[in-house]
Amino acid sequence: MIIHHRPVALVTGGSRGIGRGISIALAKKGYAVAVNYAGNRIAAEETCALIDDEEAFPVHADVGNTVDRINMVRTVVSKWGRIDLLVNNAGITSLGRLDILEATEESWDTVLGINLKGPFFLSKLVANHMLEIGPANLVRPAIINITSLSAFAASVNRGDYCVSKAGMSMMTQLFALRLADKGIRVFEVRPGIIDTDMTSGAREKYVEEIKHGLTPIPRLGTAEEVGKTVASIATADMPFSTGDIFHADGGFHLRKL
Ligand code: NAP
C-alpha cells in the first residue's frame with residue numbers, strides 16, 4: 001500500500017462552505033485532503049481544484065449512512081494509506097426550522113443522523129484506523145468536531161439542531177477521554193454566525209441583530225476564518241491539551257453586563 005508522504009486529513013462536508021474553508025486552510029499547512037461531499041460532486045471538485053489535484057480528491061459519503069461511512073474510510077486509506085486528522089464538519093440545519101411545539105420526528109431523525117450519529121460512528125472508525133496504524137506513525141493524530149454556538153445557545157425553532165450540537169460537544173469529551181493515553185487528541189470548534197449557504201436564508205436577520213450588538217466583533221464570520229482556526233489547532237504545538245473547546249464566533253459566547 002502507498003503511504004502518502006504528507007499527513008492526510010478527511011474533512012466531511014469539505015466541498016462547500018466552512019468545510020471548503022477548512023480543506024483549503026489544512027492544505028496550506030501541508031495536509032493532503034480527502035474532500036467529502038454528499039450530493040454536490042462539482043463543488044467537491046472545485047474545492048480540490050482550489051488546492052492541488054495531487055493533494056486533494058473528492059470522496060462521496062452521506063455521513064448519516066453506515067455503509068457510506070465504511071466505504072469512505074476504506075477509499076481514503078486505500079488511496080493514501082493513512083488518516084492523521086478527521087474533521088467532522090458536515091451538518092445540516094433543522095428541516096423547516098419549526099418551533100419545538102410543531103417539531104417533527106422526521107427532522108429529528110435526519111438532523112441527529114447526520115449531525116451526531118454519523119460523526120460519532122465515523123470517529124469510531126477513524127480512531128480504530130489510527131490505533132491500527134499506530135498513532136506514533138501519524139503526524140499529530142487528531143479529531144476535530146465542528147459544533148456551533150447552538151451547543152449552548154438555545155433556539156426554539158431548531159431544537160433538533162441544538163441537541164445535535166450539544167451532543168457532539170459531549171462526543172468530543174468522550175473521544176478525548178478514551179483516546180488521551182493513545183496519543184490521539186480530540187477538540188471542538190464552535191463557529192458563530194458564518195456567512196455560508198446554511199445561513200443565507202436568515203442573513204438579513206443576523207445582519208440586523210449584529211448591528212444591535214449580537215456579536216462583539218460586529219460582523220458575520222467567514223468560512224476561511226473557521227478554516228484558519230481548525231488548521232491552527234491541527235498544527236499547534238500543544239501536546240498536553242485535549243478535549244478543549246475553541247470558539248470562532250466573534251466573541252458571541254462572552255457574557256456582558
Ligand atoms: P453548508 O454551507 O450548508 O455546507 C454543508 C456541507 O456539508 C456541504 O459540503 C455538504 O455537501 C455537506 N453535507 C451535508 N449533508 C451531508 C451528509 N449527509 N453527508 C456528508 N456531507 C454532507 O454548511 P456550513 O455553514 O458550511 O456548515 C458546516 C458545519 O458548520 C455544519 O456542521 C454546521 O452545523 C456548522 N456550523 C455552521 C454555522 C454557520 O453559521 N454557517 C455556524 C455554526 C456551525 P453537499 O453539498 O454534497 O450536500
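Predicted, not measured: the structure shown is a model, and the values here were computed from it. When a ligand or atom number is given, it counts from 1 through the structure's own listing order. The figures here come from the full heavy-atom set of this structure, side chains too, leaving out hydrogens, waters and symmetry mates.
- A side chain to side chain donor-acceptor pair (under 3.5 Å) with Glu188 holds for exactly one of Thr147, Asn88, Asn145; it is Thr147.
- A distance of 4.5 Å separates CE of Met72 from CG of Asn36, quoted to the nearest 0.5 Å.
- Side-chain atoms of Thr215 come within 3.5 Å of backbone atoms of Ile217 as a donor-acceptor pair (strictly under, hydrogens ignored).
- With hydrogens and angles disregarded, no donor-acceptor distance shorter than 3.5 Å links the side chain of Ser148 to the backbone of Arg190.
- Below 4.0 Å from some heavy atom of Ser148 lie the following atoms of ligand 1, by number and element: 43 (C), 44 (C).
- More than 12 heavy atoms of other residues, nucleotides or ligands lie within 6.0 Å of CE in Met238, so this atom counts as buried by the packing criterion.
- Listed by number with element, the atoms of ligand 1 under 4.0 Å from a non-hydrogen atom of Ile194 are 39 (C), 40 (O), 41 (N).
- Under 4.0 Å from ligand 1, not a single heavy atom of Arg41 appears.
- For atom 26 (O) of ligand 1, the nearest non-hydrogen atom of the protein is Ile18 N, 2.8 Å.
- Polar contact check, Tyr37 against ligand 1: no nitrogen or oxygen pair lies under 3.5 Å apart.
- Checked by atom type and distance alone, the side chain of Asp195 never pairs as donor or acceptor with a backbone atom of Leu220 at under 3.5 Å.
- Here the heavy atom of the protein found nearest to atom 24 (P) of ligand 1 is Thr196 OG1, 3.7 Å.
- Using the six-membered ring where Trp is involved, Phe152 and Phe252 have ring planes that are tilted, between 30° and 60° apart.
- Interface atoms of ligand 1 facing Thr199, defined by a heavy-atom separation under 4.0 Å, are 39 (C), 40 (O), 41 (N).
- Here the heavy atom of the protein found nearest to atom 9 (O) of ligand 1 is Ser15 OG, 2.7 Å.
- With atom 29 (C) of ligand 1 as the reference point, the heavy atom nearest to it among Leu149, Asn88, Asn89, Asn65 is part of Asn89.
- Near Ile146, meaning under 4.0 Å from any of its heavy atoms, are these atoms of ligand 1: 30 (O).
- The distance from ligand 1 to the heavy atoms of Ile193 drops below 4.0 Å at these ligand atoms: 40 (O).
- Residue Thr12 places every heavy atom at 4.0 Å or more from ligand 1.
- If you number the atoms of ligand 1 from 1 as listed, the ones under 4.0 Å from a heavy atom of Gly39 come out as 45 (P), 47 (O), 48 (O).
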Practice problem: Take Lys205 and Glu209 through the salt bridge (Lys or Arg N to Asp or Glu O under 4.0 Å) test and state the conclusion after the steps. | Solution: CA-CA 6 Å; Lys205 175 178 109 63; Glu209 289 180 11; 3.2 Å; yes
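- Screening Ile144, Ile146, Val33, Val189 against Ile22 for a side-chain contact (heavy atoms from CB on, under 4.5 Å) leaves a single residue, Ile146.
- For Thr47 (side chain) and Ser15 (main-chain N/O), a donor-acceptor pair under 3.5 Å exists by modelled atom type.
- Looking at Asn40 against ligand 1, both its backbone and its side chain come within 4.0 Å, counting heavy atoms.
- Residue Ile184 is grouped with residue Val73 when hydrophobic side chains (ILVMFWY) are merged at heavy-atom distances under 4.5 angstrom, including chains of intermediate members.
- Contact annotation for Ser150 and ligand 1: no heavy atom of the residue comes within less than 4.0 Å of the ligand.
- Side chains of Val139 and Arg82 form a contact here, defined as non-hydrogen atoms less than 4.5 Å apart.
- The protein heavy atom nearest to atom 17 (C) of ligand 1 is Ala38 CB, 3.6 Å.
- In terms of protein heavy-atom proximity, atom 36 (N) of ligand 1 is nearest to Tyr161 OH, 3.7 Å.
- When the options Phe121, Phe187, Phe120 are evaluated for a ring-ring contact (aromatic ring centres under 6.0 Å, His included) with Phe175, the one that passes is Phe120.
- The closest approach between any non-hydrogen atom of Arg190 and ligand 1 is not below 4.0 Å.
- When heavy-atom distances to ligand 1 are checked against a 4.0 Å cut-off, Ile92 comes that close only through its side chain, counted from C-beta outward.
- Those atoms of ligand 1 with a heavy atom of Ala61 less than 4.0 angstrom away are 19 (N), 20 (C).
- Assignment of Gly192 to the shell around ligand 1 is supported, since a heavy atom sits closer than 4.0 Å.
- In this structure, Ile24 and Arg20 have side chains that are in contact, with non-hydrogen atoms separated by less than 4.5 Å.
- Of all protein heavy atoms, the one closest to atom 44 (C) of ligand 1 is Thr147 O, 3.1 Å.
- Ranking protein heavy atoms by distance to atom 10 (C) of ligand 1, first place goes to Arg16 NH2, 3.6 Å.
- For the atom pair CZ (Arg185) and CG (Leu179), the distance works out to 12.0 Å, reported to the nearest 0.5 Å.
- Within the listing of ligand 1, atoms 2 (O) sit less than 4.0 angstrom from a heavy atom of Asp197.
- Among protein heavy atoms, atom 13 (N) of ligand 1 sits closest to Ala90 CB, 4.0 Å.
- If you check each of Gly221, Ser164, Gly13 against atom 7 (O) of ligand 1, the one with the closest non-hydrogen atom is Gly13.
- Between Lys228 and Glu225 there is no salt bridge, since none of the side-chain N atoms of the basic residue sits less than 4.0 Å from a carboxylate O of the acidic one.
- Residue contacts with ligand 1: Val63 is placed with a nitrogen or oxygen under 3.5 Å of a nitrogen or oxygen of the ligand (distance criterion only).
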